[in-house]
There are 2 protein chains.
Amino acid sequence: MTSGLRERKKQATRLALHEAALRLVAERGLDGVSIDDIAERAHVSPRTFFNYFPSKDDAVLGLDPGAPQHLAGLFTGRPAEESAVEAVRAVHRKMAAEMAEDRELWPLRLTVIDAHPALIGRLVAGFGESERVLAVAIAERTGTRVGIDVYPSLLASVQACVMRTALHRWLATDFTASLTDLVDEAWDVVTAGLPAPPR
Amino acid sequence: MTSGLRERKKQATRLALHEAALRLVAERGLDGVSIDDIAERAHVSPRTFFNYFPSKDDAVLGLDPGAPQHLAGLFTGRPAEESAVEAVRAVHRKMAAEMAEDRELWPLRLTVIDAHPALIGRLVAGFGESERVLAVAIAERTGTRVGIDVYPSLLASVQACVMRTALHRWLATDFTASLTDLVDEAWDVVTAGLPAPPR
DNA sequence: GCCATTCTTTGCATGCAGTGCAAGTTTGCA
DNA sequence: TGCAAACTTGCACTGCATGCAAAGAATGGC
C-alpha cells in the first residue's frame, strides 16, 4: 500500500525539495534563492515544485502535514492516570529525543528559521493546526470544553511556547545542550507558576 | 513636531489603507482583494501602498511599528516592587482595557485573523519583536540574562500566549465577555502552574 | 507480458505581489 | 517667495503562484 514505488518516489521528491530549499537558503538567504533554483537542485521542473509545497517558505520549513495528528496521537496514547500536563510533558520528552537524534537537519532548520523572521510566522501558523487538534484532545482528557473553558486552548498554546523556547535556547547553545533537559527546565518553571527566579 | 500637517496626513493615509484592507478582506476574503483594490478605496495609487506597508498581510493587520517599544515601556514603568509576572499582568490589564474600548476595529481585526490562518503567522512574527524587546526588560527586572537563563524568554513567550488565548476566547464569545476578565482568568491558571481543572 | 486506468510531471499562459528608479508634486522653513 | 526635503506616482521588471491540458510513468487485471 504505502510502500509502492509511486509512494516512495513521492516521499523522496518531497524530501529532496525540502533539503534543497533548506540548504540553498542557508547558503544564500531567503531572497537569494528562487523556486527555479530549488527545483533544479532537486532535479524536477519548477512547476512540479508546487505539486509538493504551496510556497517557498513551506518548502524551507518542510512541515510534515501529518504532524498535528501525530502529536495528538502521542498525547491520547499516554496512560489515563497522567494529568494533561504530565502527558504533554511526556510527549515533549519523546519529541525532543527524536529531534536531538538528528544532528543535521534540525539544527539547520532552526538556524535558518532564526535568521529569517518571516519563516517564524509560517511556522507558527503550522503549529496553530497542531494546537487546535491538541486542544481537543486535552479537553477530552480533562473534561473541559474547547472554546468555553480556558484550560484546553491555554495549555495547547503554552505547550507550543515551551517547546519554542526550548528550541531557541538549544540554538543559542549551538546545539551543545541537551534538548530534553532544556524542555524539562522550561516545564519546571511553567508548572511552578512562573515564580521569580532567585537573584 | 509630531503634529505637522505632513505627519498627520501620513497617519491618516496609513489608517485609511489599514481600514480599507481590513474591511475589504472581511467582505471578500484575502484572495478576493488586490493591492489595487485597497489603494483605490484609500484614494492613493497602488505604488503608494508600498510606501506604508511592505505587504498586503501587513496592511490587513495594521500593526503599529512602535508597539514593541510601547509594550516594553509600560512594563519598565511599573513600580519596582512588583514581580515580573505582576508587572506583565498589570500591563495586560491596561492593554485589554484599551482594546475593549474599541468596539469596531479590534473585533473586526480578530474576526478577519481568525478566518485567515496565514495572517496568524504574520501576526505572531510581529509579536516576536515585542517578545524579544520585552524579554530584555524582564531580564533587567529579574536579574537574569536573555539567552542564558530560561526565565526572560519563557515569560515573554508565555505572556503572548496568554494574550492570544484571551483574545481568541473574546472572539468566541462574540465580544460579549469582558476582555480584562478573560485575560485575568488565563493569568490565574498560568500562575497556578496550569493545574488540572476540577471536573 | 499487455493494456486500460490512474496518478504524476511538465510546459505554457496568466495574474498578482513586491521593488528600484526617476520625475512630478506637496510641505516645511527661512 | 523660494529653496530643500519629503511624499506620491508611473513605469519597468522580477519572481511567486495557479489553472489547464498534454505527455509520461506506475498499478492492477487479464
Side-chain angles (χ1 to χ4, degrees), chain A residues 1-18 20-22 24-25 27-63 65 112 116-119 121-122 125-126, chain B residues 1-18 20-22 24-25 27-63 65 112 116-119 121-122 125-126:
Chain A
M1 277 309 126
T2 65
S3 61
L5 174 57
R6 194 170 264 171
E7 195 61 28
R8 269 177 293 135
K9 266 197 172 180
K10 275 190 72 172
Q11 290 306 317
T13 303
R14 189 182 171 82
L15 184 60
L17 280 168
H18 168 50
L22 192 54
L24 282 170
V25 170
E27 287 168 22
R28 306 185 211 159
L30 204 50
D31 293 340
V33 177
S34 70
I35 303 278
D36 287 23
D37 297 334
I38 298 169
E40 191 181 352
R41 187 178 278 208
H43 308 296
V44 293
S45 80
R47 186 61 186 83
T48 296
F49 174 92
F50 290 104
N51 291 338
Y52 287 88
F53 296 100
S55 74
K56 188 163 65 173
D57 293 1
D58 284 81
V60 174
L61 296 176
L63 295 180
V112 166
H116 298 280
L119 294 176
R122 190 59 66 124
Chain B
M1 283 305 124
T2 65
S3 61
L5 174 58
R6 192 168 265 171
E7 196 61 27
R8 270 179 292 134
K9 266 197 172 181
K10 275 188 71 172
Q11 290 305 318
T13 303
R14 190 183 170 83
L15 184 61
L17 281 168
H18 167 50
L22 193 54
L24 283 170
V25 170
E27 288 168 21
R28 306 184 212 159
L30 204 50
D31 293 341
V33 176
S34 70
I35 303 279
D36 287 22
D37 297 334
I38 298 169
E40 190 182 353
R41 186 179 279 207
H43 308 296
V44 293
S45 78
R47 186 63 187 81
T48 296
F49 174 92
F50 291 104
N51 291 339
Y52 287 87
F53 296 100
S55 72
K56 187 163 65 173
D57 294 1
D58 283 81
V60 174
L61 296 176
L63 295 180
V112 165
H116 298 281
L119 294 176
R122 188 61 65 126

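Here the structure is a predicted model, which means the values were calculated and not measured.
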Exercise for the section: Could you check whether A:Asn51 gets within reach of a base, just the sugar-phosphate, or nothing at all, counting any heavy atom under 4.0 Å? Expected result: base
Problem - Length of the CD-P vector between B:Gln11 and D:dC7, whole Å - result: 11 Å
Practice task
Could you please spell out the steps behind the side chain to side chain contact (heavy atoms under 4.5 Å, CB included) verdict for B:Phe53 and B:Leu61?
Solution key: CA-CA 10 Å; B:Phe53 296 100; B:Leu61 296 176; over 6 Å; no
Exercise for the section: Report yes if a side-chain nitrogen or oxygen of A:Ser34 is closer than 4.0 Å to either non-bridging phosphate oxygen (OP1 or OP2) of D:dG15; otherwise report no. Expected result: no
Exercise for the section: Any chance you could measure A:Leu22, atom CG, to A:His18, atom NE2, to the nearest 0.5 Å? Expected result: 5.0 Å
Completion exercise
When rounded to whole Å, the CG to P distance for the pair B:Leu17 and D:dC7 reads 15 Å
Exercise for the section: Whole angstrom is fine here: how far is it from CD1 in B:Ile35 over to C1' in D:dC11? Expected result: 17 Å
Practice task
Would you give the length of the straight line joining atom CG of A:Leu119 to atom NZ of A:Lys56, rounded to the nearest 0.5 angstrom?
Solution key: 9.5 Å
Practice task
Kindly say if B:Lys9 contacts the phosphate of C:dT27, meaning a side-chain N or O under 4.0 Å from OP1 or OP2.
Solution key: yes
Problem - Heavy-atom closest pair, residues A:Leu17 and A:Ile38 - result: O-CG2, 3.7 Å
Exercise for the section: Tell me whether the OP1 or OP2 atom of D:dT9 has a side-chain N or O from B:Ser45 closer than 4.0 Å. Expected result: yes
Problem - Nearest-Å distance for atom pair CG/P, residues B:Asp57 and D:dA17 - result: 12 Å
Problem - C:dT8 OP1/OP2 closer than 4.0 Å to side-chain N/O of A:Lys10 - result: yes
Exercise for the section: Report which part of the nucleic acid B:Tyr52 touches: base, sugar-phosphate, or nothing (heavy-atom distance under 4.0 Å, all strands). Expected result: sugar-phosphate
Problem - Donor/acceptor link under 3.5 angstrom from B:Arg47 side chain onto base of C:dG20 - result: yes
Exercise for the section: Round to a whole Å and report the spacing from CG of A:Asp31 to P of D:dT14. Expected result: 16 Å
Exercise for the section: May I have the distance from B:Phe50 (atom CZ) to C:dC21 (atom C1'), rounded to whole angstrom? Expected result: 16 Å
Problem - Value in whole Å for how far the C1' atom of C:dA17 lies from NZ of B:Lys56 - result: 8 Å
Fill in the blank from the handout: Between CD of A:Glu40 and P of C:dT10 the distance, given in whole Å, is 13 Å
Practice task
Using a heavy-atom cut-off of under 4.0 Å over every strand shown, decide if B:Pro46 touches base, sugar-phosphate, or nothing.
Solution key: nothing
Handout entry: Side chain A:Arg122, main chain A:Asp58, donor-acceptor under 3.5 Å
Key = no
